[in-house]
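Atoms within each ligand, like the ligands themselves, are counted from 1 in listed order.
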Amino acid sequence: MTVARTVHREAFSSRTVFILAAIGSAVGLGNIWRYPYVAYSSGGGAFLIPYLVALLTAGIPLLFLDYALGHKFRGSPPLAFRRLSRWTEPFGWVQVLMCLAIATFYACVIAWAASYAWFSLTLAWGDDAEAFFAGTFLQQGEATMFGGLVPTVAIPLVLVWVVNIAIVAIGVERGIGRLNRFLLPLLIALFIGLVIRSLFLPGAMAGLDAFFTPNWAALGDPQVWIAAYGQIFFSLSVAFGAMLTYASHLKRRTNLTASGLVVGFSNSAFEVLAGIGVFAALGFLAAQSGVPVSEAAAGGPGLAFVAFPTLISQMPFGQIFGSLFFLTLVFAGITSLVSILQPPAMAISEKFGISHRAATLSVGTVAAIVSISIFPTTTGLNTLDVVDNWINNVLLVSNTLVMVVVVVWVVRKTPMLARHLNGVGSFKIGGWWTVCLGIVTPLILGWTATQSVITLLRDGYEDLPGALLATFGWGVVGGIVVLAVLMTFVPWRNEDHLAAGVDLDDPREEAEAARVDGPRRDSRSDDGRPHTPSKEDSE
Ligand code: TRP
C-alpha cells in the first residue's frame with residue numbers, strides 16, 4: 001500500500017473481529033485432539049481440577065500479561081520485550097521459535113484430520129481403526145531418527161501449508177480476520193451438534209462418569225499437574241507470543257481485560273465440551289467391547305484418530321458424523337495455525353524491515369519444508385510426540401518461569417502494565433494479578449519445570465530411543481535457546497526508532513491514540529510524533 005520496506009501495523013477492524021480471531025487461535029486441535037488424550041492419560045477424572053486451577057492461577061493472568069505487552073508495546077514478541085526492557089528480547093525470540101516448532105507438527109495433524117474427513121465417507125479404516133491409523137495410513141515403522149516420506153500424508157500437508165501461508169500473507173484483517181469471521185460460527189455450530197449427538201450414544205453416561213469423577217489420589221501425582229499446566233498454555237495459546245501478537249493489532253482504546261475473560265472462558269468451555277463429547281464416545285466404545293472406560297482406547301496422539309473411527313463405524317449415520325467431526329477439527333486447526341505463524345512472520349518483518357508479505361512467505365516456506373520433511377514420514381508420529389512434549393512441558397514452562405520473574409521482580413513493570421490494562425477496562429486488576437504472576441505462577445512453574453526435567457532425564461520418554469529424545473527433545477529445546485540469544489544480537493533494521501525509546505507511559509499517547517483511532521484502519525497516521533509507540537510503522 002505504500003513504498004516497499006515500510007512496515008505497517010495493520011489493525012483488526014473491530015474488537016469483535018479481534019475476539020473471534022483470539023477465540024479462533026485458542027480453540028484448536030488442543031481442545032479437540034490434545035485435551036482428551038492428555039486428560040485420558042492423566043486418569044480422566046483426575047484432570048479437571050488441576051486444569052481449572054491452572055486456568056485461574058496461570059492461564060488468565062498470563063493472558064492478561066500477553067495482552068498488556070502486545071497492546072502497550074505494539075510489536076511482535078521480540079520487539080515488545082525489547083521495548084519493555086532492552087535485554088529481555090530473547091524471551092520474545094524463544095516464543096517466536098516455539099511457535100515455529102509447533103507449527104511444523106500442528107499442520108501435520110490438520111492434514112491427518114483432512115484425510116480422515118474423507119476416509120469417513122467410506123469408513124476406509126475397516127474394522128481395526130488402530131492398525132489402520134498407525135499402519136496403513138501413517139505407515140509407522142521402527143522409532144528411528146528419520147524415516148521415509150509417506151506421500152499420502154505429505155500431499156495434504158503441502159495443501160495445509162499453502163492455505164496457511166496465503167491467509168497470513170493476505171493480512172490481519174482481510175486474511176486472519178475474515179477467515180475467523182467465517183469459520184468460527186460454523187465451527188461452534190457443528191461442534192455443539194456433534195457433542196449433543198454423542199450424549200445419546202448408549203454407554204455415554206459411563207464415559208461422563210469417568211470424566212467428571214475426581215480421582216483425589218491422582219492429585220498427588222506431579223505428572224498430572226505438569227500435564228494440566230502444559231495443556232492450559234497450549235490450549236489458550238498463552239506465553240507463546242500468539243495472543244501478544246494479536247493484541248498488538250488492536251486499536252488503541254480497547255477493553256483488554258473483558259476481551260481476555262471472554263476468550264479464556266470460551267476456550268475452556270469449548271475444551272470441557274470437547275471432553276464431554278470424547279468421553280461420551282469412549283463410554284460408548286467401552287460398552288460395545290465390555291471393558292472399563294479407562295481401557296476403551298489407546299491413549300496418546302492417536303486417540304482421536306482411533307477412538308472416533310471405531311465409534312463412527314459402529315453408530316448409525318456414522319459416515320456423516322465422522323466427516324463433520326474431522327472437518328470441525330480441520331476448521332479449528334486452521335484458525336489456530338494462522339495465529340501460530342503470525343508471530344514469527346511479524347518478528348522477521350520488524351527485525352529486518354521487510355514487508356509483512358515477504359516475511360510471511362520466507363518464514364512460512366522454511367517452516368513448511370522442515371514440517372514436510374520430518375512429520376509425514378515413517379517415524380513422524382513418535383517425533384511429533386517428542387517435539388510436542390519437550391516444547392510444552394520443558395521449554396515453554398521454563399521460558400515462562402524466567403520471563404514472569406523478570407517482568408515482575410527484576411524490571412518491575414507489572415504496575416505499569418496493570419495501569420495500561422486498567423486504562424480501558426470494565427474492572428480493575430492489580431493485587432491478585434500481581435500475586436498470581438509474581439508468586440503463584442512462578443512457584444508452580446518452577447516446580448513443574450523441575451519435575452518434568454528430572455523425570456525426563458531419569459526415565460526417558462515412552463521407551464523411545466535416547467538418540468531421538470536427544471535430537472528432537474533436548475536438541476530442539478537447546479537449539480531454540482541458542483538461536484534466541486543469537487537473534488538478539490542481530491541489529492534491528494530501524495534501530496533509531498527503537499533506540500528513541502518512545503515513552504510509552506506518556507499520557508499524551510492515550511490522547512493521541514484516541515485521536516488517531518478512527519472507525520477504520522488506525523495507528524497508521526503516525527508520522528513523526530516522537531511519543532507515538534507505533535512509530536516503527538513508517539520509515
Ligand atoms: N491454542 C491452540 C489449540 O488449542 C493452539 C495454538 C494456537 C498455539 N496458537 C498457538 C499453540 C501458539 C502454541 C502457540 O489448539
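- The environment of CH2 in Trp87 is crowded: more than 12 heavy-atom neighbours from other residues, nucleotides or ligands sit within 6.0 Å.
- Within a 6.0 Å sphere centred on CZ of Arg178, other residues, nucleotides and ligands contribute 12 heavy atoms or fewer.
- The shortest N or O to N or O distance between Cys99 and ligand 1 is not below 3.5 Å.
- By the 4.5 Å heavy-atom criterion applied to side chains, Tyr229 and Val53 are counted as neighbours.
- Which parts of ligand 1 touch Ser235 is read off a 4.0 Å heavy-atom cut-off, strictly below it: atoms 1 (N), 4 (O).
- Checked by distance only, ligand 1 and Phe234 come closer than 3.5 Å through their nitrogen or oxygen atoms.
- Counting the atoms of ligand 1 from 1 in the order shown, those under 4.0 Å from a heavy atom of Ile102 are 13 (C).
- You'll find the side chain of Ser120 reaches within 4.5 Å of the side chain of Phe326, heavy atoms only.
- Those atoms of ligand 1 with a heavy atom of Ala242 less than 4.0 angstrom away are 12 (C).
- Counting only heavy atoms from C-beta outward, the side chains of Ile374 and Thr104 never approach each other to under 4.5 Å.
- Residue Ser339 approaches ligand 1 through these ligand atoms, each under 4.0 Å from one of its heavy atoms: 7 (C), 9 (N).
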Residue pair Thr245, Gln342: steps toward the side-chain hydrogen bond (donor to acceptor under 3.5 Å, both in side chains) verdict: CA-CA 7 Å; Thr245 304; Gln342 175 74 5; over 6 Å; no
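- Ligand 1 has at least one atom lying under 4.0 Å from a heavy atom of Tyr106.
- Residue contact check: Asn31 has heavy atoms under 4.0 Å from atoms 4 (O) of ligand 1.
- The ligand atoms of ligand 1 that sit less than 4.0 angstrom from a heavy atom of Leu29 are 15 (O).
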side-chain hydrogen bond (donor to acceptor under 3.5 Å, both in side chains) between Ser235 and Arg34, worked out: CA-CA 9 Å; Ser235 169; Arg34 195 175 188 278; over 6 Å; no
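- Contact of the Val109 side chain with the Leu384 side chain is registered, since non-hydrogen atoms from C-beta on lie closer than 4.5 Å.
- Close approach of ligand 1 to Phe240 (heavy-atom distance below 4.0 Å) involves ligand atoms 12 (C), 13 (C), 14 (C).
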Full working for ring pair (Phe, Tyr, Trp, His ring centres under 6.0 Å) between Phe308 and Phe133: CA-CA 11 Å; Phe308 271 90; Phe133 177 67; over 10 Å; no
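- Annotation: atom 6 (C) of ligand 1 to nearest protein heavy atom, Ser237 OG, 3.6 Å.
- Polar contact check, Ile340 against ligand 1: no nitrogen or oxygen pair lies under 3.5 Å apart.
- Close approach of ligand 1 to Ser25 is summarised as follows: ligand atoms under 4.0 Å from at least one heavy atom of the residue are 1 (N), 2 (C), 6 (C), 7 (C), 9 (N).
- Closest protein heavy atom to atom 4 (O) of ligand 1: Ala26 O, 2.8 Å.
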